[in-house]
Amino acid sequence: MLIETPRRSSPQASAYRVMENLVRSASVARWIEIRRQRAQLAELEDHQLADLGLSPAQVRKECAKWPWQA
């Protein structure tokens, strides 16, 4: 029976994991912000949308998207 000793990660691998986690966190934070903005957009009245140059159909289409969709 072979017993393997646990490998230690290199400092580069650890730094890579930290950066990867930061990128994921930033992405999730951005998605939360997009979701919040779309919710606010959905609450605007027709005359407010007209001031922005948007139609209710455009807003419905935008609000139907997933947060990671641009």
Side-chain angles (χ1 to χ4, degrees):
M1 180 166 160
L2 257 182
I3 299 175
E4 292 186 28
T5 58
R7 292 178 135 181
R8 288 193 166 185
S9 5
S10 69
Q12 293 85 5
S14 296
Y16 179 79
R17 279 194 300 280
V18 168
M19 290 301 294
E20 193 175 54
N21 288 334
L22 286 173
V23 168
R24 282 190 191 130
S25 297
S27 295
V28 170
R30 179 70 181 131
W31 295 342
I32 291 168
E33 177 61 18
I34 289 170
R35 182 174 174 236
R36 185 190 65 77
Q37 290 175 3
R38 287 180 178 158
Q40 288 179 333
L41 183 63
E43 292 180 10
L44 295 178
E45 297 179 12
D46 288 346
H47 72 278
Q48 293 170 312
L49 294 176
D51 288 344
L52 295 172
L54 297 172
S55 70
Q58 288 172 308
V59 171
R60 281 191 301 275
K61 185 177 178 180
E62 181 66 27
C63 292
K65 293 179 183 178
W66 291 99
W68 52 86
Q69 293 176 311

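Position 1 is the first residue of the sequence; numbering continues from there. Since the model is a prediction, treat every value here as computed from it, not as a measurement.
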For residues 39-50, which side-chain N or O atoms pair as donor and acceptor with protein atoms under 3.5 Å away, sequence neighbours left out?
from, atom 1, to, atom 2, distance (Å)
Gln40, OE1, Arg36, NH1, 3.0
Gln48, OE1, Glu45, N, 2.8

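Linking ILVMFWY residues whenever their side-chain heavy atoms come closer than 4.5 Å, directly or via other members, leaves Val18 and Tyr16 in distinct clusters. Under a hydrophobic clustering in which Ile, Leu, Val, Met, Phe, Trp and Tyr are joined whenever their side-chain heavy atoms come within less than 4.5 Å, directly or via other members, Val23 and Trp31 fall into different clusters.
The closest donor-acceptor contact from the side chain of Gln37 to the backbone of Ile34 lies at 3.5 Å or more, if one exists at all.
To the nearest 0.5 Å, atom OG of residue Ser25 and atom CZ of residue Arg30 are 15.5 Å apart.
Partners of Arg38 according to the salt bridge (charged side-chain N to carboxylate O under 4.0 Å, His left out) rule, which considers only residues two or more places apart in sequence or in another chain, are Glu62. Contacts of Glu20 classified as salt bridge (charged side-chain N to carboxylate O under 4.0 Å, His left out), with partners at least two apart in sequence or in another chain: Arg24.
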